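All remarks here apply to the structure that follows.
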Amino acid sequence: MEYLRVEGFRKKFHQTEVLKGVGFTLQKGEILVIIGASGSGKTTLLRCLNFLETPDEGKVYLNGELFSDAAVRYSDRELRKKRLRFGLVFQNFNLFPNYDAKRNVSLACELLARERARAKKRELLAAEKGIARLKAYRRISAEAAAMKREGIAESHARADALLAQVGLQEKRDAFPYELSGGQQQRVAIARALALDPEVLCFDEPTSALDPELTGEVLKVIRGLKGRTMIVVTHEMAFAREVADRVIFMADGVIEEDGTSEEVFGAPKSEKLKAFLKRTEEHGWI
Amino acid sequence: MTSFAEVTLKLLEGFGTTCYIFILTLVLALPLGLIVAFGSMSRFKPLRYVVRTIVWIIRGTPLMLQLIVIFYGPGLLFGVTGFDRVPSVIVAFVINYACYFSEIYRGGIENIPRGQYEAGLVLGMTKVQIFFRITLLQVVKRILAPMSNEVITLVKDTSLARIISVVEIIKSAEAFMRQGLIWPLFYTGVFYLLFIGILTLLFRYAEKKTAYLKV
Ligand SMILES: Nc1ncnc2c1ncn2[C@@H]1O[C@H](COP(=O)(O)OP(=O)(O)O)[C@@H](O)[C@H]1O
Ligand SMILES: [Mg+2]
């Protein structure tokens, strides 16, 4: 079943058009790998999907429903809700330097749990009228407090489980500056997983790392197979191995797309052939 | 003959006013400075320009002049009674220091990598949550050193209050000068040194407490 459909993304910065009508579809649980020379618009595409940029034109359908439309201006509240359904792992990790690994992972969940408890309290209080509200106040406060505690405990348990999943259980108390680049990126992946996004995006997750550290990060991503993911990468061997579908971008358009075998095994366009040849010579671009 | 104890008591009285001006200015100017900082970084251009112009004027003119304008201005310009002496001092100091603080805040906030903000957004956090949970503590650490300079300057700037006849510690000492006694004036220096010594220790403590933040 078609799970994600991106239609006609266009984005201009000043006068330059960076995305010139980009669209693709993705099945649930598939991994889409995006390759292409630097400057071809890959980052911009992921940023548009995560509402860090607003495309000038384009629509996204998720699970058969219209999910976002560039023509609609969403409120901050709506944007927040939409952002939760996508996840993004950045090229340079962007961990929160003032928190240890565990808090980096649990923070967003914890804040949501607090908000939910507050909303519940408001809702319960609103249901009571007049003097009954005063009488119920203590009971409802206690209920909300219990809900908050439970939510926070859950976030912590989840953070522990996720850190274990990325192999960093014993680093849970370490601050970002105490971790290697590879470890930081693994924490960032755990953090992105904490909210269980429906589509998880990676923007060149290993290109800020020393070559000997890329392996551990790629291994973690490999272990996520089964999730719907979009991975921008220059690691061609990895791309070839994990991709269900591949998109080759050049100058803001999708120059070629297909299965891993089609794109890497039998490239059609000259640009893709040249690109693959270059990456073979240099290992990466 | 005026005794040492008498002078000390009299100076302590003035020093009380000094402390009062200092504390109230700090308590009000610290949050106001943050609001001014947000104004000067606003994406709404007219607001940004207005705020930056105000900051430029306040930082570009002597505090003494601002004090005089606020105390005498309303009466001279509009024929209305303005603030009393001490409130005038507070108003002038708060506005002046809020502007200085705002520039320090702005420097601190703008230096936080944007990526952290975006990471927070992607995780569904609100701008307010991102500011208070992620940015603020890092800003605090970054601005501790420039803040300590400003705060120490504020201690000494309180002596400007005497030009509109507020009896802070220097003004108290001046009363003794009229009796031909000069040493109480030098004695005030001890008060300032002690006060600033304590502040310096506090700032050093805060720096130690935030040393774990490698930002
Ligand atoms: N915020 C921005 N303002 C102006 N130009 C931008 C901005 N972001 C990206 N660009 C430009 O858009 C083009 C595509 O960038 P990007 O999406 O980062 O490509 P890629 O990730 O494929 O290297 C580049 O030429 C870049 O300079
Ligand atoms: Mg990029």
Side-chain angles (χ1 to χ4, degrees), chain A residues 43 46-47 49-53 75-100 103-112 114-115 155 173-179 184 187-188 190-197 199-201 203 208, chain B residues 30 34-35 37-39 41-45 47-48 104-148 203 205-215:
Chain A
T43 298
L46 292 190
R47 289 173 62 82
L49 279 174
N50 283 278
F51 302 91
L52 290 176
E53 307 281 358
S75 66
D76 278 0
R77 216 187 145 78
E78 287 169 312
L79 277 181
R80 268 187 84 196
K81 270 178 80 177
K82 290 185 183 298
R83 282 197 181 107
L84 286 175
R85 300 181 64 180
F86 279 78
L88 177 60
V89 174
F90 298 83
Q91 190 169 346
N92 41 8
F93 335 134
N94 292 336
L95 290 183
F96 307 133
N98 51 325
Y99 293 125
D100 60 23
R103 199 84 206 281
N104 261 281
V105 178
S106 69
L107 181 66
C109 267
E110 233 180 276
L111 293 176
L112 280 178
R114 282 171 198 275
E115 265 172 67
S155 330
D173 300 324
F175 282 88
Y177 75 92
E178 297 172 305
L179 298 171
Q184 287 189 53
V187 173
R191 180 176 71 173
L193 289 169
L195 293 165
D196 200 18
V199 180
L200 183 53
C201 306
D203 189 9
Chain B
L30 283 173
L34 196 56
I35 295 168
F38 283 129
M41 291 185 293
S42 167
R43 273 197 289 178
F44 181 57
K45 271 191 189 163
L47 176 65
R48 190 170 72 222
I104 295 178
Y105 288 140
R106 187 159 71 88
I109 293 171
E110 283 178 345
N111 273 323
I112 304 285
R114 194 171 163 73
Q116 292 174 32
Y117 174 73
E118 294 186 339
L121 284 183
V122 170
L123 291 167
M125 293 164 69
T126 64
K127 287 175 193 165
V128 175
Q129 285 173 337
I130 295 170
F131 181 76
F132 284 104
R133 302 276 175 170
I134 295 162
T135 314
L136 186 61
L137 196 61
Q138 296 179 60
V139 172
V140 167
K141 180 185 164 82
R142 276 160 198 255
I143 67 176
L144 230 38
M147 262 313 180
S148 78
F203 271 105
Y205 175 75
E207 270 167 35
K208 244 188 222 147
K209 276 280 151 190
T210 51
Y212 78 96
L213 274 174
K214 297 279 190 296
V215 292

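Chain identifiers are assigned alphabetically (A, B, ...) following the order of the sequence lines, protein sequences preceding nucleic acid strands; residue numbering begins at 1 within each chain. Bear in mind that the values here come from a model prediction, so they are computed numbers and not experimental data.
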Quiz item: When heavy-atom pairs shorter than 4.5 Å are enumerated against chain B, which of A:K81, A:K82, A:R47 gives the highest number?
Solution: A:R47
Quiz item: In terms of heavy-atom proximity below 4.5 Å to chain B, should A:L195 be classed as side chain, backbone, both, or neither?
Solution: side chain
Self-check item: Residue list, side-chain hydrogen bond (donor to acceptor under 3.5 Å, both in side chains) with A:R114, at least two apart or on another chain
Solution: none
Self-check item: A:R77 portion near chain B, given a 4.5 angstrom heavy-atom threshold
Solution: neither
Quiz item: Measuring heavy-atom distances to chain B, does A:E178 have an atom under 4.5 Å in its side chain, in its backbone, in both, or in neither?
Solution: neither
Quiz item: Shortest non-hydrogen contact from A:R80 to B:G124?
Solution: NE-O, 2.7 Å
Quiz prompt | Residue pairs, two or more places apart or on separate chains, that pass salt bridge (charged side-chain N to carboxylate O under 4.0 Å, His left out) and touch residues 119-139 of chain B | solution = A:D76-B:K127
Exercise. Report the distance from atom OH of A:Y99 to atom CD1 of B:I134, rounding to the nearest 0.5 Å.
Key: 6.5 Å
Exercise. Against chain A, label B:T135 side chain, backbone, both or neither, depending on which of its atoms sit under 4.5 Å from a heavy atom there.
Key: neither
Quiz item: Which atoms form the tightest heavy-atom contact between A:F96 and B:Q116, and what is the distance?
Solution: CE2-O, 3.5 Å
Exercise. Calculate, to the nearest 0.5 Å, the distance between atoms CG and CZ belonging to B:L121 and A:R83 respectively.
Key: 4.5 Å
Quiz item: In terms of heavy-atom pairs under 4.5 Å, which option from A:L107, A:N50, A:V89, A:L79 contacts chain B the most?
Solution: A:L107
Quiz item: Where does A:R103 contact chain B at under 4.5 Å (heavy atoms): side chain, backbone, both or neither?
Solution: side chain
Exercise. Answer with side chain, backbone, both or neither: which region of B:E118 has an atom nearer than 4.5 Å to a non-hydrogen atom of chain A?
Key: both
Quiz item: Should A:F90 and B:V122 count as side-chain neighbours, where that means a heavy-atom distance under 4.5 Å?
Solution: yes
Quiz prompt | Heavy-atom pairs under 4.5 Å with chain B, option from A:L88, A:L111, A:L84, A:L112 with the top count | solution = A:L111
